[in-house]
Amino acid sequence: MKPETDLSINTQTKEKITNSIKECLDMLIGSETLAHEHFEISVFQQNPALRESLEERLHLDLIAVVQSANLNGTFRGLVATTIQVAVVNQLLLSGKFADDCELICGSINRGIASSLEDERLLPATQLMQQSEAYPDYTWCYEKALHESAWAEMKLRVLHHLLSQVFEQSPDGLPVWWDYYRKAYSMYIGELYEMIVKNGAEHKGVPHPMVVALSNETLLGMYEKLLGTAATS
């Protein structure tokens, strides 16, 4: 799909995006039933300021999508990076890594500090941080909680927009969303296991999403989603 150049179409599309985002967030945050069932909705109910910043980010992201020459690929890339943020933070909050959250976050903080002084890792680190809600915050349980809630809420809105803006009506989440998330979770889980094994005195690891860039399987999946994978 080519980028739209007609101003009236752009204005109409922007209004549709804005209205759809607002409509979806109104429905989600206004539901006490959903808040009891999903932690991210509860977090947003308790922190109203989160909504304004999420709305702003979603609007900018979706405008970039509709102006892209590769609408489907750009949208899938947006979903994929949001899944990445959700995974790296959600794994710190519950399950096998919850008790080691402080140790893992300490290692990541040390690694990011080193990465920001390394010209080889600096661009990738800054790029990955652009996908986060709070890129300048020190990694800790509270950051993981709010980043996870932010990303999960963003994914809910993006799913809503599939039908409202892009006129697709999948039954539940598209299969690749779940497939990509499981694959990414497995890799980040292995990374966190390594961090725990290395212990609190280790020099640290780079941002988890930067480390994941070196995984050929995940990189191949990501390029395929974007439609940029090489074909033989």
Side-chain angles (χ1 to χ4, degrees), residues 39-40 43 50 53-54 57 61 76-155 158 176-226:
F39 89 97
E40 66 271 17
V43 170
L50 291 175
S53 57
L54 179 59
R57 176 71 68 83
D61 286 344
R76 289 175 178 176
L78 174 59
V79 172
T81 55
T82 306
I83 288 174
Q84 292 169 18
V85 175
V87 166
V88 299
N89 289 283
Q90 187 273 328
L91 288 180
L92 295 172
L93 301 176
S94 60
K96 64 185 295 185
F97 299 113
D99 292 339
D100 294 306
C101 178
E102 183 177 352
L103 185 156
I104 296 171
C105 286
S107 179
I108 294 172
N109 285 326
R110 294 192 297 276
I112 289 178
S114 298
S115 297
L116 294 178
E117 297 178 355
D118 186 331
E119 62 182 18
R120 298 169 302 171
L121 293 174
L122 177 61
T125 301
Q126 292 177 328
L127 180 63
M128 294 301 102
Q129 288 179 324
Q130 290 176 12
S131 301
E132 296 180 304
Y134 309 100
D136 298 326
Y137 283 35
T138 299
W139 280 63
C140 61
Y141 176 85
E142 288 75 16
K143 172 179 166 66
L145 177 67
H146 287 94
E147 290 283 3
S148 181
W150 168 284
E152 297 293 358
M153 185 69 86
K154 188 173 181 179
L155 286 171
L158 291 176
W176 72 262
W177 289 35
D178 184 56
Y179 183 65
Y180 184 78
R181 182 165 189 150
K182 286 180 178 178
Y184 205 84
S185 296
M186 288 178 61
Y187 182 76
I188 297 299
E190 293 174 357
L191 173 63
Y192 287 174
E193 286 180 353
M194 182 195 72
I195 292 175
V196 173
K197 183 178 180 180
N198 286 338
E201 302 304 317
H202 189 264
K203 64 180 181 179
V205 299
H207 193 296
M209 290 164 62
V210 173
V211 178
L213 292 175
S214 64
N215 183 272
E216 293 184 1
T217 299
L218 291 177
L219 182 59
M221 291 175 65
Y222 185 76
E223 291 178 341
K224 185 175 182 180
L225 293 175
L226 269 61

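In this chain, residues are counted from 1 in sequence order.
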K.L.:
If you compare all heavy atoms of Leu219 against all heavy atoms of Leu213, which two are closest, and at what distance to 0.1 Å?
P.N.:
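The pair with the smallest heavy-atom distance is CD2-O, 4.2 Å.
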K.L.:
Measure the CG-CD distance between Leu116 and Gln129 for me, rounded to the nearest 0.5 Å.
P.N.:
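Rounded to the nearest 0.5 Å, the CG-CD separation comes out at 6.0 Å.
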K.L.:
Just how far is it from atom OG of Ser131 to atom CG of Asp61, taken to the nearest 0.5 Å?
P.N.:
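Rounded to the nearest 0.5 Å, the OG-CG separation comes out at 8.5 Å.
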K.L.:
Between Ser115 and Leu121, which heavy-atom pair has the shortest distance, and what is it?
P.N.:
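Distance-wise, the nearest heavy atoms are OG-CD1, 3.6 Å.
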K.L.:
Any idea which heavy atoms bring Leu155 and Trp177 closest together, and the distance?
P.N.:
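Heavy atoms of Leu155 and Trp177 come nearest at O-CZ3, 3.8 Å.
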K.L.:
Does some side-chain heavy atom of Tyr192 sit less than 4.5 Å from a side-chain heavy atom of Ile108?
P.N.:
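Sidechains of Tyr192 and Ile108: in contact.
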K.L.:
What do you reckon, is CE of Met194 surrounded by more than 12 foreign heavy atoms closer than 6.0 Å?
P.N.:
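For Met194, atom CE is crowded (more than 12 foreign heavy atoms under 6.0 Å).
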K.L.:
For Thr138, which residues count as a side chain to side chain contact (heavy atoms under 4.5 Å, CB included) partner, sequence neighbours excluded?
P.N.:
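For Thr138, the residues satisfying side chain to side chain contact (heavy atoms under 4.5 Å, CB included) (neighbours in sequence not counted) are Asn109.
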K.L.:
Is there any ring pair (Phe, Tyr, Trp, His ring centres under 6.0 Å) pair reaching into residues 203-224, and which pairs are they, with sequence neighbours excluded?
P.N.:
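Output for this query lists Trp139-His207.
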K.L.:
Does Ala98 have any side chain to side chain contact (heavy atoms under 4.5 Å, CB included) partners at least two apart in sequence or in another chain, and if so, which?
P.N.:
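Result, side chain to side chain contact (heavy atoms under 4.5 Å, CB included) vs Ala98: none returned.
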K.L.:
For a quick test of reading the model, state the closest non-hydrogen atom pair linking Ala133 to Arg57 and the distance between them.
P.N.:
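The answer is CA-NH2, 4.4 Å.
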K.L.:
For Leu91 versus Ser185, what's the shortest heavy-atom pair and its separation?
P.N.:
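Result for this residue pair: CD1-O, 3.8 Å.
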K.L.:
Going from CD on Glu223 to CD on Glu216, what distance comes out if it is rounded to the nearest 0.5 angstrom?
P.N.:
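Going from CD on Glu223 over to CD on Glu216, the span is 10.5 Å.
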K.L.:
Show me the donor-acceptor pairs, under 3.5 Å and distance only, between side chains in residues 81-89 and residues at least two apart or in other chains.
P.N.:
unit_1, atom_1, unit_2, atom_2, d
Thr81, OG1, Gly77, O, 3.1
Thr81, OG1, Leu78, O, 3.0
Thr82, OG1, Leu78, O, 2.7
Gln84, NE2, Tyr180, OH, 2.8
Asn89, ND2, Val85, O, 2.8

K.L.:
How long is the span from the CD1 atom in Ile188 to the CG atom in Leu218, to the nearest 0.5 Å?
P.N.:
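Rounded to the nearest 0.5 Å, the CD1-CG separation comes out at 7.5 Å.
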K.L.:
Quick one: do Cys105 and Leu92 satisfy side-chain contact (heavy atoms from CB on, under 4.5 Å)? Show the steps, please.
P.N.:
CA-CA 9 Å; Cys105 286; Leu92 295 172; 3.9 Å; yes
K.L.:
Just jot down the side chain to side chain donor-acceptor pair (under 3.5 Å) partners of Glu152, sequence neighbours excluded, or say none.
P.N.:
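Listed in chain order: Arg181.
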K.L.:
With sequence neighbours left out, write down each residue that passes salt bridge (Lys or Arg N to Asp or Glu O under 4.0 Å) with Asp100, or none if nothing qualifies.
P.N.:
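Salt bridge (Lys or Arg N to Asp or Glu O under 4.0 Å) list for Asp100, sorted by chain: empty.
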K.L.:
If I take atom OG from residue Ser107 and atom CG from residue Asn198, how far apart are they, to the nearest 0.5 angstrom?
P.N.:
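Reported to 0.5 Å precision, the distance equals 7.0 Å.
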K.L.:
Which pairs, with at least one residue in residues 142-151 and sequence neighbours excluded, count as a side chain to side chain donor-acceptor pair (under 3.5 Å)?
P.N.:
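Passing the test, one end in residues 142-151: Lys143-Glu147.
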K.L.:
Going by the ring pair (Phe, Tyr, Trp, His ring centres under 6.0 Å) test, which pairs reach into residues 105-138, not counting sequence neighbours?
P.N.:
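Every ring pair (Phe, Tyr, Trp, His ring centres under 6.0 Å) pair that includes a residue of residues 105-138, provided the two are not neighbours, is Tyr134-Tyr137.
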K.L.:
For His202, does its backbone N or O pair with a side-chain atom of Arg110 as donor and acceptor, under 3.5 Å?
P.N.:
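Between the backbone of His202 and the side chain of Arg110 there is a qualifying donor-acceptor contact (under 3.5 Å).
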K.L.:
In chain order, what residues pass the side chain to side chain donor-acceptor pair (under 3.5 Å) check against Asp118, with sequence neighbours excluded?
P.N.:
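So Asp118 forms a side chain to side chain donor-acceptor pair (under 3.5 Å) with Arg120.
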K.L.:
Using the side chain to side chain contact (heavy atoms under 4.5 Å, CB included) criterion, which residues pair with Pro123? Sequence neighbours excluded.
P.N.:
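If we apply the side chain to side chain contact (heavy atoms under 4.5 Å, CB included) test to Pro123, skipping adjacent residues, there are no hits.
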K.L.:
May I have the step-by-step check of side-chain contact (heavy atoms from CB on, under 4.5 Å) for Met209 and Tyr184, ending in yes or no?
P.N.:
CA-CA 10 Å; Met209 290 164 62; Tyr184 205 84; 3.5 Å; yes
K.L.:
Side chain to side chain donor-acceptor pair (under 3.5 Å) with Lys182: which residues, sequence neighbours excluded?
P.N.:
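Lys182 satisfies side chain to side chain donor-acceptor pair (under 3.5 Å) with Asp178 once adjacent residues are dropped.
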K.L.:
Roughly how far apart are Tyr187 OH and Thr217 OG1, rounded to 0.5 Å?
P.N.:
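Those atoms lie 10.0 Å apart.
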K.L.:
In chain order, what residues pass the side chain to side chain contact (heavy atoms under 4.5 Å, CB included) check against Glu193, with sequence neighbours excluded?
P.N.:
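Only Lys96, Phe97 meet the side chain to side chain contact (heavy atoms under 4.5 Å, CB included) criterion with Glu193.
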